[in-house]
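Note sheet for the following structure.
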Amino acid sequence: MSHINKPVPGSHQFFPLNQPDIGSALDPPKLFQPLQLRGVTFKNRIFVSPMCQYSSDNGHATDWHLVHIGGFATRGVGAVCMEATAVVPEGRISPNDAGLWTDSQIEPLRRIVNFAHAQGTKIGIQLAHAGRKASTLAPWVQYSAGRGASHVAQDNEGGWPSEVYGPSDIPFSDTYPKPKVMSEDDLDRVEKAFISAIHRAEIAGFDFIEVHAAHGYLLHSFLSPISNTRSDQYGGQELQNRLRFLLRLVSVCRQAWQNKPLFVRISASDWAEGPEQDEAGIWKQWGIEQSKILVGELEKLGVDLIDCSSGGNYVKQKITVRPGYQVPFAEALKREYPSVVVAAVGLITNPLEANKYLQDGQADAIFLARELMRNPHWPLQAAQSLGVAVKAANQYERAWQEMPSIVKPSL
């Protein structure tokens, strides 16, 4: 009998085959139980949130993204969602944001997808349009400009401040670009751009797509009465009008992406002062009650997962940040629609708490961002905390001797 270092079958390069997959568990707690959506099986419920890296070359992914995403794919997460990826150039947050508006952007992404798949990890992409928060500086560039400086990336800084669009001409703040009001033609163009980006995502091999409708970007700004004061069928006090563009867009995205999971990230609250709706029935801000109605409509359209975040649309938002501070929003949606798959996100760092959120039915999956940047080995350490045997990558197993291993390494 021969003893060889088996390769991943059909991979574009040699990668040692992990059997079972990295991050797989025996007799797992809820956090490590598989989740199946539209025929795609996620090996556990630890998902990597989209995290802007401000490191793309005219929208093209670089080796930074390969290393950034690859590091998560080799450490046991159930899924990785790539950062907000603009469907049109002017839909980027910053000049160095990711994009999928041209075919040349497919191949750098396919390289990342192939690597993730070789590690047994599912990978998706978040498609986005920054709306009135577009053409801004990367965070560290903004920081170097000094407190109170303009956030706007000017033309000579790679920006496009005269080509920023939104539902209304209301800027996010005095230091952000003033948007142009989107016409029906503008809406049609963005819709077509999403469909084209979906076709490119299919070629790249992604396992799921997430539509970004949170954090004050274009789709969230249409939902909120703070940012949408239109008087046509896409705005105003009438909730169905403010929902109209997102629902129209998600409907065509679902048609274009029929066989794989479709996620939608929402902000469940603007975190503005005062009530969501006043005593006279006037909607004052976006909040959980309108979010419930939205999620009911998204369920009808066949959305597979709601990624429940909050904030980002109101510059004076007041958030009491604490561990799991956004979980009550996810729980409210889950309670309203028990059959809808809901993911929680936001300052979730403790594995025991993360597992409890799932065990108690407050959410079905957990998205992690900054905690995974601080500690990409979080899934394996979570397994240790929960007392479960989880597969580490072959190349890293000797670093995890204290974990009861599914497959004992040869030393």
Side-chain angles (χ1 to χ4, degrees), residues 21-25 28-35 37 42-53 65 67-84 112 116 119-126 207-208 210 212 214-215 261 263-268 305-312 319 321-331 334 341-360 362-386 388 390-393 396:
D21 286 338
I22 305 165
S24 298
K30 194 76 171 182
L31 189 63
F32 285 94
Q33 290 178 11
L35 177 65
L37 300 172
F42 300 90
K43 61 193 173 190
N44 63 48
R45 298 169 187 239
I46 304 167
F47 290 4
V48 181
S49 273
M51 291 180 273
C52 289
Q53 298 297 292
H65 299 91
V67 174
H68 169 65
I69 298 299
F72 300 130
T74 57
R75 266 103 173 160
V77 298
V80 182
C81 189
M82 291 198 66
E83 66 194 82
I112 296 168
Q119 314 312 313
T121 301
K122 303 303 183 188
I123 182 169
I125 189 167
Q126 185 187 66
D207 300 300
F208 64 94
E210 177 167 277
H212 195 357
H215 301 163
F263 299 1
V264 176
R265 171 167 274 194
I266 69 167
S267 281
L305 181 145
I306 301 297
D307 179 3
C308 183
S309 187
S310 71
I319 304 176
V321 178
R322 61 187 185 281
Y325 71 100
Q326 294 178 144
V327 173
F329 293 131
E331 181 181 15
K334 189 68 184 170
V341 177
V342 179
V345 63
L347 210 62
I348 298 172
T349 61
N350 185 303
L352 300 180
E353 292 177 354
N355 187 64
K356 191 173 189 301
Y357 296 145
L358 304 185
Q359 202 70 52
D360 292 350
Q362 295 171 280
D364 300 290
I366 300 294
F367 271 99
L368 300 177
R370 297 181 192 188
E371 182 64 11
L372 279 171
M373 284 200 285
R374 288 187 289 264
N375 178 15
H377 296 285
W378 192 92
L380 296 178
Q381 292 182 343
Q384 287 183 321
S385 297
L386 292 165
V388 59
V390 164
K391 177 72 172 68
Y396 292 166

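All residue numbers in this chain count up from 1 along the given sequence. Bear in mind that the values here come from a model prediction, so they are computed numbers and not experimental data. Atom set for the values below is all heavy atoms of this structure, side chains included, hydrogens, waters and symmetry mates excluded.
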How long is the span from the [atom1] atom in [X] to the [atom2] atom in [Y], to the nearest 0.5 Å?
X    : Y    : atom1 : atom2 : answer
I46  : L35  : CD1   : CG    : 12.5 Å
S49  : M82  : OG    : CE    : 14.0 Å
L380 : K391 : CG    : NZ    : 9.5 Å
L386 : K356 : CG    : NZ    : 13.0 Å
L358 : F32  : CG    : CZ    : 10.5 Å
I125 : D207 : CD1   : CG    : 12.0 Å

Holding to side chain to side chain donor-acceptor pair (under 3.5 Å), I want the full list of residues that pass it with [X], two or more places apart in sequence or in another chain.
X    : result
K122 : none
K30  : none
Q381 : N375

Exercise. Walk me through it: do L31 and V388 pass the test side chain to side chain contact (heavy atoms under 4.5 Å, CB included)?
Key: CA-CA 10 Å; L31 189 63; V388 59; over 6 Å; no

Donor-acceptor pairs are to be reported for all side-chain atoms of residues 74-81 against protein atoms at under 3.5 Å, with residues two or more places apart or in another chain.
| unit_1 | atom_1 | unit_2 | atom_2 | d |
| --- | --- | --- | --- | --- |
| T74 | OG1 | G70 | O | 3.2 |
| T74 | OG1 | G71 | O | 3.1 |
| R75 | NH1 | G71 | O | 3.2 |

For [X], check side-chain contact (heavy atoms from CB on, under 4.5 Å) against everything at least two apart and list the hits.
X    : value
E371 : T349, R374, W378
Q362 : V327, E331, Y357, D360
A116 : A73, I123
S309 : H215, R265, Q326, V345

Self-check item: salt bridge (charged side-chain N to carboxylate O under 4.0 Å, His left out) partners of residues 343-354, not counting sequence neighbours, each pair once
Solution: none

Quiz prompt | Parallel, tilted or perpendicular: rings of Y396 and H377 (30°, 60°) | solution = perpendicular

Practice problem: May I ask you to decide if the ring planes of F47 and F42 are parallel, tilted or perpendicular, using 30° and 60° as cut-offs? | Solution: tilted

Set of ring-ring contact (aromatic ring centres under 6.0 Å, His included) partners for [X], sequence neighbours left out:
X    : result
F329 : W271
H65  : none
F72  : H68

Which atom pair, heavy atoms only, marks the closest approach of [X] to [Y]?
X    : Y    : result
S310 : S267 : C-OG, 3.3 Å
A354 : I348 : CB-CG2, 3.8 Å
A330 : C308 : N-SG, 3.7 Å

Quiz prompt | Name of the residue among D364, L305, D307 meeting side chain to side chain contact (heavy atoms under 4.5 Å, CB included) with V342 | solution = D364

Quick one: does any side-chain atom of [X] pair with a main-chain N or O of [Y] as donor and acceptor, under 3.5 Å?
X    : Y    : answer
Q126 : H212 : no
K43  : D21  : no
E210 : F208 : no

